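Right, one structure below, let's go through it.
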Amino acid sequence: MDTERLLDDAHVADPRFQEDVDTVGTVGEGENEGEEGGGNWRVFFMSVVATLCNVAFGYDVGVVSGSLQDMATSLDLSTFEQEAATSGLNFVAGFGALLVSGNVLDLLGRRWTIMCASLLLLAGAAVVASAPSFPLLLLGRALQGLGSGCSWAACSVYITELAPTEYRGALVTLADISINLGILLGYCVDYAVRTGLADNRDLSWRLGMALSAVFPLLYVLAFPCLPETPRWLVMRGRDKDALVVLRRTVGGGEATARRLLVELKAAHDEQHSAELSWGDVLCPASGSLRRTVATAIALGLAQQLTGTEAILYYTPTLFERLSEEHQFLANLSVGFCKFFGELVAASLAECAGRRLLMIYGNLALCGAVFGIAVSFLYGADVYVSVGCLSLVMLTFSVGAGPFTFVVVNEMLPLPFRGKGVATSVFFNRLGSGTVALTFLSLKSAIGVANTFFMYGGIGVAATAFYWWVLPDLAGVSLEQAEATVNGGAAEGEHGRGKAREEPTPDDDAGVCCTSL
């Protein structure tokens with residue numbers, strides 16, 4: 001098909017567009033030769049940079065897990081204040097995603113939203129590290145929470161819209177892999193700092209918390225290297241800039257970049273919308289879109305209700321009778337299994353598909369959670385309990401952990417994606433914060449075993465929900481995924497593999513973006 005004719009047909013109403021494309025093509029035509037195939041490596045680098053704020057979030061979780069007791073002693077925190085210091089990050093992260101990221105994603109773009117997250121994280125780290133009292137500690141945690149929420153939403157959207165179709169699932173899992181890498185780093189740095197500053201525990205926890213600023217600072221320094229996503233640029237009418245980004249990120253040369261630009265523009269024109277209000281996103285006129293948005297929100301919430309957050313924050317508390325060294329090893333086992341599971345998930349993302357991995361991963365997680373409950377109920381050896389905790393994190397990281405927001409991003413149409421993902425992250429962090437806030441109280445009220453029996457029951461219900469609603473959108477473009485979810489799959493076929501079928505000329509998608 002003739003690319004120049006398609007450009008003329010798609011943009012006949014805007015003669016400036018063809019002029020812009022021709023200008024850009026003249027500047028870059030020789031540059032793409034010899035660079036073919038390098039686009040995927042550039043996208044990988046950009047994805048890694050975009051996840052740096054997520055590393056900071058994971059690092060914070062790991063550091064707080066080990067330093068919470070020293071923090072409580074230093075600032076004389078009550079049990080409720082300890083719960084607030086940990087869960088407060090997640091609650092405020094939810095509002096950060098909803099109030100800050102949800103608006104900034106569409107207004108300023110995906111990469112600038114991550115910049116806002118970086119600045120909030122830098123400010124929060126400074127306040128927490130220097131906090132002389134609980135109120136200032138809570139203020140610093142609130143700033144970190146706002147930054148984490150912005151990052152959670154923006155990072156996955158950024159990678160989703162930049163990644164090639166054939167690698168999208170694996171690349172978007174980097175958003176979760178980076179959190180787990182941060183958790184491992186947090187565990188190790190906390191142990192090293194507390195060991196090196198054993199005589200000054202007040203300084204040790206403050207130094208550990210301050211070091212979380214390293215990751216957002218790296219993003220600020222690398223920011224000039226990151227382009228905006230071509231889909232956001234097309235949505236804002238900046239087609240010339242979108243073509244420049246496509247040339248940098250897509251292999252296949254100038255013709256491929258131009259063809260993809262036409263397809264993105266055509267898909268956007270079909271949606272007849274640039275920027276939607278919150279009311280438009282949360283209560284769309286279409287019944288299938290309402291179901292899609294409701295499913296995206298429910299997926300975000302369901303991911304966090306199986307007790308994994310309690311394990312991350314309170315592993316040392318569960319094993320208080322262990323020595324400090326053995327508590328660190330227990331933390332390290334949990335963190336390593338979580339990280340290793342993410343690597344397995346990334347390698348299986350495209351061949352096994354999101355749907356099967358989330359369903360069977362969650363089934364295995366439920367078995368491991370019930371195993372934790374039984375081990376505490378019958379007083380099993382502590383290492384059996386640690387093994388069950390580690391197995392929970394391994395199975396979580398093969399299923400719902402990395403793929404929840406892969407699916408959420410793929411399900412939502414472009415005009416809905418910014419605010420829709422932000423809303424899903426809000427409920428995700430709300431669930432996470434609730435688990436962290438209530439775990440110590442539940443532990444005291446009904447015991448560890450009954451608490452984990454409750455989490456296991458919730459996990460079984462979540463697995464049934466995944467079976468009923470999840471589509472499998474591996475191997476199709478975002479535009480095809482939108483047509484699948486909001487067409488037949490959303491109307492009652494439950495998405496069981498439908499997205500893998502080859503598109504026909506009568507598809508609702510209207511376009512076929514085969515490479516992006």
Side-chain angles (χ1 to χ4, degrees), residues 44 46-62 89-90 93-94 97 101 114 117 148-163 167-187 215 219 296 299-306 308-309 311-313 334-350 352-355 357-358 361-362 365 390 392-411 421-422 424-425 427-429 431-432 462 466 470 473-474:
F44 178 76
M46 294 164 189
S47 300
V48 169
V49 172
T51 64
L52 285 170
C53 288
N54 281 14
V55 178
F57 173 78
Y59 174 88
D60 179 273
V61 172
L89 179 75
N90 290 302
S101 184
I114 305 176
S148 297
C150 283
S151 173
W152 263 70
C155 176
S156 62
V157 172
Y158 181 85
I159 299 174
T160 297
E161 294 186 356
L162 203 65
Y167 302 116
R168 188 176 62 239
L171 284 174
V172 178
T173 62
L174 285 175
D176 212 61
I177 289 174
S178 61
I179 295 174
N180 294 296
L181 176 61
I183 290 171
L184 274 177
L185 289 173
Y187 288 155
F215 306 105
Y219 178 84
L299 287 172
L301 180 61
Q303 186 206 48
Q304 287 298 323
L305 296 183
T306 52
T308 54
E309 204 76 0
I311 294 171
L312 288 176
Y313 279 117
V334 168
F336 176 77
C337 286
K338 196 170 189 303
F339 181 69
F340 178 73
E342 297 282 352
L343 298 180
V344 172
S347 67
L348 297 176
E350 305 305 334
R354 294 78 152 122
R355 175 183 163 80
L357 288 171
M358 286 186 69
N362 220 59
L365 179 147
S390 301
V392 167
M393 301 319 298
L394 177 66
T395 52
F396 176 75
S397 295
V398 173
F403 291 120
T404 293
F405 285 98
V406 174
V407 174
V408 167
N409 274 281
E410 290 175 337
M411 290 173 66
V421 171
S424 183
V425 170
F427 281 95
N428 179 273
R429 294 297 86 200
S432 173
Y466 292 157
L470 278 181
L473 303 174

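Keep in mind that what you see is a predicted model, and the values were worked out from it rather than measured. By convention here, the first residue in the shown sequence is residue 1.
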*asked:* Filter on salt bridge (Lys or Arg N to Asp or Glu O under 4.0 Å), then keep only pairs touching residues 48-62, sequence neighbours left out; what's left?
replied: Asp60-Arg141
Could you pull out every donor-acceptor pair under 3.5 Å between side chains of residues 393-402 and any protein atom, sequence neighbours left out?
from   : atom 1 : to     : atom 2 : distance (Å)
Thr395 : OG1    : Leu391 : O      : 3.0
Thr395 : OG1    : Val392 : O      : 3.0
Ser397 : OG     : Lys338 : O      : 2.9
Ser397 : OG     : Met393 : O      : 2.9

*Kindly give the heavy-atom pair with the smallest separation between Ala346 and Thr173, and that separation in Å.*
CB-OG1, 3.4 Å
*Taking Glu350 for its side chain and Gly169 for its backbone only, find out whether a donor-acceptor pair lies under 3.5 Å.*
yes
*side-chain hydrogen bond (donor to acceptor under 3.5 Å, both in side chains) with Ser390: which residues, sequence neighbours excluded?*
Ser333
*What closest approach, in Å, do Ile114 and Ala154 show between heavy atoms, and which atom pair accounts for it?*
CG1-CB, 3.6 Å
*Please identify each residue that fulfils salt bridge (charged side-chain N to carboxylate O under 4.0 Å, His left out) with Glu410, with sequence neighbours left out.*
Arg168, Arg354
*Rounded to the nearest 0.5 Å, how far apart are CD1 of Ile159 and OG of Ser178?*
7.5 Å
_Worked check of side chain to side chain contact (heavy atoms under 4.5 Å, CB included) between Trp152 and Phe405_ = CA-CA 9 Å; Trp152 263 70; Phe405 285 98; 3.7 Å; yes
*Can you name the nearest heavy-atom pair linking Val421 to Ala153, along with the distance?*
CG1-O, 3.9 Å
_Stepwise side chain to side chain contact (heavy atoms under 4.5 Å, CB included) test for Gln303 and Met358_ = CA-CA 10 Å; Gln303 186 206 48; Met358 286 186 69; over 6 Å; no
*Gly62 to Tyr187 - nearest heavy-atom pair and separation*: O-CD2, 3.4 Å
*Approximate separation, where rounding is to 0.5 Å, of Leu299 CG and Leu470 CG*: 5.5 Å
Could you pull out all donor-acceptor pairs under 3.5 Å where a side-chain atom in residues 46-59 meets a protein atom, sequence neighbours excluded?
from  : atom 1 : to     : atom 2 : distance (Å)
Ser47 : OG     : Val43  : O      : 2.8
Thr51 : OG1    : Val48  : O      : 2.7
Asn54 : OD1    : Ser151 : OG     : 2.4
Asn54 : ND2    : Ala175 : O      : 3.0
Tyr59 : OH     : Gly208 : O      : 2.6

_Among residues at least two apart in sequence or on other chains, which ones pass side-chain hydrogen bond (donor to acceptor under 3.5 Å, both in side chains) with Ser156?_
Asn409
*Just by modelled atom types, is the Gly300 backbone N or O under 3.5 Å from a matching donor or acceptor in the Asn428 side chain?*
yes
*Among Leu181, Ile179, Leu185, which one satisfies side-chain contact (heavy atoms from CB on, under 4.5 Å) with Ile183?*
Ile179
